[in-house]
Asker: 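I have a structure I would like to understand better, so I am pasting it below and will then ask my questions one at a time.
By convention in this document, chain letters (A, B, ...) are assigned in the order of the sequence lines, proteins followed by strands, and residues within each chain are numbered from 1. The model shown is predicted, which means the values in this text are computed figures rather than measured ones.
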Amino acid sequence: MSRYNVRTSEPLWQQRWREARCFEPQEDRARPKYYVLEMFPYPSGKLHVGHVRNYTMGDLVARYRRAQGFNVLHPMGWDAFGLPAENAAIDAKVHPADWTSENIATMRAQLQRMGFGYDWTREIAACDPEYYRHEQKMFLDFLAAGLAYRKESWVNWDPVEHTVLANEQVIEGRGWRSGALVEKRLLSQWFLRITAFSDELLESIGSLDRWPERVRVMQENWIGRSEGAQVTFPIAGSTDAVEVFTTRPDTLYGASFLALSPHHPLTQQMAANDSALREFIAECDRLGTSEAAIEAAEKRGYRTALEAVHPLDPNRRVPVYVANFVLMEYGTGAIFGCPAHDQRDLDFARKYDLPVIPVVLPPDADPATFAVGDTAYVDDGRIFNSDFLDGLSVPDAKRAVGERLEELGRGRRTIAYRLRDWGVSRQRYWGCPIPLIHCAKCGIVPVPEKDLPVELPRDVSFDKPGNPLDRHPTWKNVTCPDCNGPATRETDTLDTFVDSSWYFLRFCSARAPIAFERGAAEYWMPVDQYIGGVEHAVLHLLYSRFFTRALKQCGYLDLEEPFAGLFTQGMVLHQTYQNVDGEWLFPEEVTPGSDGNYIDRLGRPVVTGRNEKMSKSKKNVVGLDEIVDSYGADTARLYLMSDSPPERDLEWTETGIEGAWRYVNRLWRMVSEPTVTLPPVGATVPNSIPPALLDVRRMIHKTIAAVTDDLEKFRFNRAVARIRELTNALEGIPADAPDAGAVLREGLETVTRLIGPIMPHLSEEMWRALGRPTLIAETRWPKADPELARDEQVTIAVQVNGKLRATLDLPRDAAGPAVEEAALALPQVSRMLEGKPPRKIVVVPNRIVNVVA
RNA sequence: GCGGGCGUGGCGGAACUGGCAGACGCACUGGAUUUAGGUUCCAGCGAUGAAAAUCGUGGGGGUUCAAAUCCCCCCGCCCGCACCA
């Protein structure tokens, strides 16, 4: 029995594709383009099967679109800056650049072994000065356009990574990568003005109709638009005033206090000569911002000596508190409290014994008696107790208050966003240097364009904590480009998410002396199909949308949305195993015992745990190289596409990969040792063939149509199932029937072409074995013949009262009365009718007939 | 709390616009081939039942000739956001 020899076959076809330059597209405006992109990987060391699942999907789409005649761009590169390289430098005393390039070499070889059809002539790495020089230019252009700026602010400090993090990179109060509790620090940092596009980024989500709903919702929530009003409360006996944001200006007459954030400038000012307030602020800072801390923390306030004047009634005064629940990051960092109509304000008012003034009257409530107890009234109603607003609806009152505030110069209707500007300074070495110089005389001076790129110095040491650029003797100290006086370089580097915010543009003209050629970008962009993990829903995917707009504003190109289609794939999971001592075991260390349970190498029982994301610490990992060594790339690709829908998590099992391997060999046997002698290439199937062969032929064409539809809709698991069904049917071809060989050839050639995107090496090998001299990679996608796919006979389900009783084989499109007659003639039907005439008969053509007794 | 999604055999999952539930695969059972294991081939595989048949898509109700699919209520799980003013 012949086995498919993956070790010789797979490298051979990879070489053929390379020689034929199959995957190196040129701009060709006469042809429709298709840009397929998978999120480029961080070169962490080795590829894992999760990567491979992602890239197999991309390769599948790319090969399928190529076969359809699209001019397909499918590039690959490396998100090569980042902290693990520095950590490796600290731990293993290797230079981050060397560590990174070694990993790239390893992972590139692994990708090539998988047979992915990338255009390697466009390969890029973010740590290459030829890449980041353009990023530095962009930063300077953003600076000139006011889209980049420096400010001192409270920032998220990751104490493990020793650097600042953007808001998007803090998950539940912890650093997204380190998991360390984030601290607040007041630092001077570089920001990109993503908030300039808040509204546009939110609005355009509506146009992203080929994005998953949940990603769009996550971005909407992250941008967090709220309509409301900004209201000015003057401070009594002072020229100061406090700006407050509210979504409920209609309840302004219900205000009974003002609350400031502990980080509010006015709070800080008061704290200068109020030690009790300083103590209160310190207490607030000690409490974390984690979910648990917030749940546990009671609402607390510090009553200041100040009183604020009600903006609509100069005679009313409300006390000013500093409160632990007011965030400086949202709105204006100050609120007015309306206890009757906000639960949190009510809790606060009860605690500090503040007045509760209802101003929204529930429908059917009596204004004379309505009172708020322990539950704030947050629903709709009529405004009362509110002077000129009395009797208005909530929306009308919002409008009226807004107008009055504007007349008085005490505020205006406005919109607040949750989105903050993107802090991009990182106090780390292995990133793109920010091309600026600090001069005592001239201030911050951009590095002249002719001096770009500002390259990272290679001679750095990691023996002390902190950023080695900060203590580099020659790199840091420079002369000012403006005054030639002594100056220092900016030693912060850019967040690595900046690198990934435009790499998809660089791929369009990867060797251009400028960031990207406008014409090339306008031909290839937007990315037609982007594929990656959902973990980037509000990180990379939001930053890239912003960056594209910022580049447009700076005249780089005319495009808003970089990714027309997005697909977020599920993770690859594996069962976990622990021995009796609770130590984690690798999958290869456990074997199934006789009773269905698992045993370890000492024969001791193994505790099987849940399926979890593969991780080194739990040892539930499978080595890609080992898989490819034993089964080949195609088997792995098939398995990754066949077992679960692509958006869902996939459970990796040893039996599953073996099942895929069996199928690979079965296909190979079918062409290498066909059960029926095949006619030569080009032989046609005669029109008159036995019914059994007609059925097979019909299935061939139905399968082409169905698989095409499945691939269009990212239903790869179903496509595989369909192809397997056809394979089963082909094995059932009666060998003695006349023309069986011709039908078998048509079937095998179809299967060969349909598996092309999934198992490209096997497909080429089968194509050659079938006597075809061409490459599948250069062969058009098969077309289903609707005539041949059409059923001549259909099986109609026969129901009585909605329950299946029998089936009928009838000619297609049989007339209703004929179907009824045939159904009524069935003994299973007449028995149920017990001689009585049916009340009603429903016929759905070619599907079902339902007799209602 | 708010938002998004999901719930189908022992398992992963199919099932078009409401029209034969369980395709395809994994596991398992029996048989053939094999010195044996593996491979390969044949058959079986939702539950109850000897069969006829009945029940069956998280639970309850509804619409319909017909519901996994639509509507209402409830339960459970996953994901995201959250002192958001």
Asker: A/Asp791 CG to B/C16 C1': how many Å, rounded?
Answerer: 14 Å
Asker: Between B/A85 atom C1' and A/Arg248 atom CZ, what is the distance in whole Å?
Answerer: 11 Å
Asker: Remember a base hit wins even if backbone is also touched, and classify A/Val217 as base, sugar-phosphate or nothing at under 4.0 Å, heavy atoms.
Answerer: sugar-phosphate
Asker: Considering every strand shown, what is the Watson-Crick or G-U wobble mate of B/A50 when both distances are under 3.5 Å?
Answerer: none
Asker: NA contact type, A/Val326, heavy-atom cut-off 4.0 Å: base, sugar-phosphate, or nothing?
Answerer: base
Asker: Tell me: CG of A/Leu826 to C1' of B/C20, nearest whole Å?
Answerer: 14 Å
Asker: Using OP1 and OP2 only, check whether a side-chain N or O of A/Arg715 sits under 4.0 Å from B/A23.
Answerer: no
Asker: Touch check for A/Gln799, heavy atoms < 4.0 angstrom, all strands: base, sugar-phosphate only, or nothing?
Answerer: base
Asker: Rounded off to whole Å, could you give me the CD-to-P distance for the A/Glu329 and B/C81 pair?
Answerer: 16 Å
Asker: Select one nucleotide: of B/C83, B/G19, B/G12, the one nearest the side-chain heavy atoms of A/Ser644.
Answerer: B/G12
Asker: Regarding A/Arg839, tell me which of base, sugar-phosphate or nothing describes its non-hydrogen contacts under 4.0 Å with the strands shown.
Answerer: nothing
Asker: Rounded to the Å, how far apart are A/Met699 CE and B/A23 P?
Answerer: 13 Å
Asker: Which part of the nucleic acid, if any, lies within reach of A/Arg214 when heavy atoms closer than 4.0 Å are counted: base, sugar-phosphate only, or nothing?
Answerer: sugar-phosphate
Asker: Base, sugar-phosphate, or nothing for A/Arg420, non-hydrogen atoms under 4.0 angstrom?
Answerer: nothing
Asker: Across all strands, who's sitting opposite B/G3 as a Watson-Crick or G-U wobble pair, both distances under 3.5 Å?
Answerer: B/C79
Asker: Please determine if a side-chain N or O atom of A/Arg724 lies less than 4.0 Å away from the OP1 or OP2 oxygen of B/A23.
Answerer: no
Asker: Round to the nearest Å and state the distance from A/Asn665 atom CG to B/G38 atom P.
Answerer: 17 Å
Asker: Give the nucleotide from the list B/A85, B/C41, B/G13 with an atom nearest to the side chain of A/Arg344.
Answerer: B/A85
Asker: Enumerate, atom names and distances included, each donor-acceptor pair closer than 3.5 Å involving a side-chain atom of residues 217-224 of chain A, sequence neighbours excluded.
Answerer:
from	atom 1	to	atom 2	distance (Å)
A/Gln219	OE1	A/Arg545	NH1	2.7
A/Gln219	NE2	A/Ala537	O	2.8
A/Trp222	NE1	A/Glu168	OE2	2.9

Asker: Using a heavy-atom cut-off of 4.0 Å across all strands, would you classify A/Gly224 as base, sugar-phosphate, or nothing?
Answerer: nothing
Asker: Would you say B/C55 has OP1 or OP2 under 4.0 Å from some side-chain N or O of A/Lys803?
Answerer: yes
Asker: Looking only at side-chain atoms of A/Thr655, point me to the closest of B/A27, B/C83, B/C20.
Answerer: B/A27
Asker: Counting only side-chain nitrogens and oxygens, does A/Arg662 get under 4.0 Å of the OP1 or OP2 atom of B/U39?
Answerer: yes
Asker: Looking at every heavy atom in both A/Ala376 and A/His341, which two are closest together, and how far apart are they?
Answerer: CB-C, 3.9 Å
Asker: Would you tabulate the nitrogen or oxygen pairs shorter than 3.5 Å linking the protein to nucleotides 47-50 of chain B?
Answerer:
none

Asker: Considering every strand shown, what is the Watson-Crick or G-U wobble mate of B/G18 when both distances are under 3.5 Å?
Answerer: none
Asker: Check for me whether the distance between the ring centres of A/Trp661 and A/Tyr639 falls short of 6.0 Å.
Answerer: no
Asker: Consider the side chain of A/Met218, meaning its heavy atoms from C-beta on, and name the nucleotide among B/A85, B/C41, B/G80 that approaches it most closely.
Answerer: B/G80
Asker: So if I take every side-chain heavy atom of A/Trp222 and compare against B/C20, B/A82, B/A85, which nucleotide ends up nearest?
Answerer: B/A82
Asker: Once you round it to whole Å, what is the distance between P of B/A14 and CD of A/Glu647?
Answerer: 8 Å
Asker: Checking base pairs now: Watson-Crick or wobble, both atom distances under 3.5 Å. What partners B/G44?
Answerer: B/C28
Asker: Among the nucleotides B/C20, B/C16, B/A14, which one has an atom lying closest to any side-chain atom of A/Leu804?
Answerer: B/C20
Asker: Would you say A/Asn728 places a side-chain N or O within less than 4.0 Å of OP1 or OP2 belonging to B/G25?
Answerer: yes
Asker: Check the phosphate of B/A82 against A/Arg418, side-chain N and O only, distance under 4.0 Å to OP1 or OP2. Yes or no?
Answerer: yes
